[in-house]
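Read the structure below first, then the notes.
Everything quoted here is computed from the prediction, not taken from an experiment.
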There are 2 protein chains.
Amino acid sequence: MTGKPGKVTQREIARIAGVSQTTVSMVLNDRDGSNIRIPDATRERVRRAIEQSTYVADPAARRLAGLDNKILGVFTYESALSPESMDFYGPLLNGIERAAESLGCDLLFFTSSPVEEGRRRLFHRNTRLRLADGCVLLGQQMDGEDLERLVAESFPFVAVGRRDETDAPVPYVGIDYGALTGRLLDRAAELGHEKVLYLHRDLNSPTARDRLAAIGRAPGALAVAPFIVGDDLSDLPQVVARSGATAVFAEDAFLVEDAALVLADPSLSLAALAEVRGHRIGGRTLSGFHTPRQQVAAEALALLQQLISTPAEEHGGIEIQRLLQGEVALGETLILRGGTR
Amino acid sequence: MTGKPGKVTQREIARIAGVSQTTVSMVLNDRDGSNIRIPDATRERVRRAIEQSTYVADPAARRLAGLDNKILGVFTYESALSPESMDFYGPLLNGIERAAESLGCDLLFFTSSPVEEGRRRLFHRNTRLRLADGCVLLGQQMDGEDLERLVAESFPFVAVGRRDETDAPVPYVGIDYGALTGRLLDRAAELGHEKVLYLHRDLNSPTARDRLAAIGRAPGALAVAPFIVGDDLSDLPQVVARSGATAVFAEDAFLVEDAALVLADPSLSLAALAEVRGHRIGGRTLSGFHTPRQQVAAEALALLQQLISTPAEEHGGIEIQRLLQGEVALGETLILRGGTR
DNA sequence: CTGAAAGCGCTTACAG
DNA sequence: CTGAAAGCGCTTACAG
């Protein structure tokens, strides 16, 4: 696999144009500063030689010589392009693709990373991480060690979603689930609810903690009881009855849907503390949040680009941790206490 | 952007282990042939030095030195990750991701390619194409010149979908739409239809031509009239009435859906000469094809890998043009002539 | 204004 | 068994 017969190099162009290889490089990179001044004639000669050939710069060589590659890495802790993950990753990937287009960057997906314990490993023997100028990380849960190491090696990266599992501050762009949760709880209180049951899977992620923390700060009139669920929800009706809750919230829309299947009571209010777009319960739009996922992705790439193009000493001036505000989706399943859906 | 403070090189490892940089390279690449024999002791010393450090090989340097990168390029002529394109690209991308995982390859998406006349350009000033060992091309229509040039530069690539726009034989993996069309027409004849109207947009793609060619070979009892449609379908009822057709086929499921909106007659049979999964007309599953798109993607990557790892002289032994068989989806909209949906 | 030279980090003949 | 050297294709000081 060394045979690259069709490959044209700067040396070849130089030969044709009758100049040195250095000059070709200068022309290609528009190096035209104080001490380098290439006459238009030479410049033209080189240009023509290039046009007539099929020359394209070898990106590996450029990179090795110290230039940016305009390649951004995309690392996902799970499969990104499977049908199941599209609900979550789809809008993010779309935002990333569009941002990359407008930044003029290519996207390197680290699909080769070996899977261990169900999750991909970022660092491994032959990681191509370094080929990228920087990397965005996606996934509900991330590996704290990966993050620490990226910081330690001062490799530019941005996590999508809030992170707090490390000592060193990690650059991220996320959604302010705490604020959203607070607002939805306010809304529930306004509608007369006094007891809410909150279903979750006890995930160990920052956003899961943000939701729980916000629940701990619920308005005085409202008591919210967290309840950890497993795969089997058959006990749920009893739990709800015993708790006296008039509303059931859950950490994501799928969990609300599952709960709704076993919870037949139409007077029970339902909501997800997460994106609800496209989700309906018995024909009614689910109450919950609208989260600006495309915008998160776009801002993550913009931040990454900023980190890449700013010398490390000046990183202090950059806001590296950003939470974007979503909005509460009122929906039709969070209703007046005592009403019916 | 030259500051790579956290970067460890082979030279550094060599210094620590007290060997030459060459030896480090040998150990890393398990070079252990006839004339190179590294004692386990040395080997171990190097291994430990590597483990203790955060060394990872620089992929740009490896590539420049002539090795494969295990990076496969993905070029799409349109946006690949937008919600609209997911219907078409989704299963293909999913197949590509999975195949890449099992081949141990990363995926480079050429999102930076400048868009001209609504389509991306493969070759441009700073293309990173060469960074990949090879490339898969996706898109309904492709640029013949791009394909010619790839062949001329003997850059390994595989097109997804049949291609015939070049003189040189282009490697591809596609679906045999001609065979599928033939079988659906047979089915229509069996159901008693004698006249069918075929709606299409007169696209200039090989698969579009394959469908038309198969229509030209329709069974004797069946007359199929191709009809080119624009965006406005309001004339369609008249056209159908005038033609005397008892069935209307179209080149894709969306076009059938659009046609169904203006064609109220429930005795009219409908079908798409394309993938129909997930499509319904008035509650009935649409008749058409089931196409193995994930398999197409997987086979395209396998073929690409084969082309990459086989010396060019032996390419003659590889079947580079492959058509996969799909199956006819009987559905509920292609019915007995005279029946009602 | 332009070229010869060093260097980026690796691999692989080629000499010891 | 192991290292010094050349080379991959580029960029960028540094000399003319």
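OP1 and OP2 of dC8(C) both lie 4.0 Å or more from every side-chain N or O belonging to R63(A). Residue T42(A) has a polar side-chain atom (N or O) positioned under 4.0 Å from OP1 or OP2 of dT2(C). Contact check, R62(A) against dG9(D): no side-chain N or O comes under 4.0 Å of OP1 or OP2. Here S25(B) does not reach the OP1 or OP2 of dC10(C): none of its side-chain N or O atoms lies under 4.0 Å away.
Scored by the salt bridge (Lys or Arg N to Asp or Glu O under 4.0 Å) test, R121(B) finds E116(B) as partners (sequence neighbours excluded). Scanning for side chain to side chain contact (heavy atoms under 4.5 Å, CB included) contacts around E78(B) gives Y89(B), with sequence neighbours left out. With sequence neighbours excluded, the residues satisfying side chain to side chain contact (heavy atoms under 4.5 Å, CB included) with S82(B) are N94(A), S79(B), E84(B), S85(B). R120(B) is linked by a salt bridge (Lys or Arg N to Asp or Glu O under 4.0 Å) to E97(A), E101(A), counting only residues two or more places apart in sequence or in another chain. In this view, Y172(A) satisfies the side chain to side chain donor-acceptor pair (under 3.5 Å) rule with no residue, not counting sequence neighbours. By the salt bridge (Lys or Arg N to Asp or Glu O under 4.0 Å) test, E148(A) is found to be paired with no residue, residues two or more places apart in sequence or in another chain being considered. Remark: E44(B) pairs with R48(B) by the salt bridge (Lys or Arg N to Asp or Glu O under 4.0 Å) rule, at least two apart or across chains.
Out of dT12(D), dG7(C), dC8(D), the shortest distance to the side chain of L67(A) is found at dT12(D). Checking dT2(C), dC10(D), dG9(C) against the side-chain heavy atoms of D58(B) singles out dG9(C) as nearest. The listed nucleotides are dG9(D), dC10(C), dT11(D); the one nearest the side chain of T9(B) is dC10(C). When distances run from any side-chain atom of A57(B) to the nucleotides dT12(C), dC10(C), dC10(D), the shortest one goes to dC10(C). In the set dG9(D), dC1(D), dT11(C), dC1(D) carries the atom at the smallest distance from any side-chain atom of P39(B).
Residue-level contact check: A60(A) touches neither bases nor backbone, having no heavy atom under 4.0 Å from any strand.
Between the CE atom of M26(A) and the P atom of dC14(D) there is a distance of 13 Å, given to the nearest Å. Look at CG on D68(B): it is 13 Å from C1' on dT11(C), rounded to the nearest Å. Between L64(B) atom CG and dA6(D) atom P the separation is 17 Å, expressed in whole Å. In this structure, N69(B) atom CG and dT11(C) atom C1' are separated by 13 Å, rounded to whole Å. Between Q10(A) atom CD and dC8(D) atom P the separation is 14 Å, expressed in whole Å. Rounded to an integer number of Å, the gap from CD1 of I13(A) to P of dG9(D) is 13 Å. To the nearest angstrom, C1' of dC1(C) lies 13 Å from CG of D40(A). If you take CZ of R130(B) and C1' of dC10(D), they are 14 Å apart, rounded to a whole angstrom.
In DNA chain D, the stems built from three or more successive Watson-Crick or G-U pairs (distances below 3.5 Å) are C:1-3 with D:14-16, C:5-12 with D:5-12, C:14-16 with D:1-3.
Remark: R128(A) fails to qualify as a cation-pi partner of F110(A) under the 6.0 Å distance and 45° angle criteria applied to the six-membered ring.
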Next item on the list: Just do the salt bridge (Lys or Arg N to Asp or Glu O under 4.0 Å) check on D133(B) and R63(B) with the steps written out, would you?
Entry: CA-CA 9 Å; D133(B) 299 331; R63(B) 178 72 175 160; 2.9 Å; yes
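Listed in residue order, the members of residues 15-24 of chain B having a heavy atom less than 4.0 Å from DNA chain C are Q21(B), T22(B).
You'll find the side chain of L28(B) reaches within 4.5 Å of the side chain of Q10(B), heavy atoms only.
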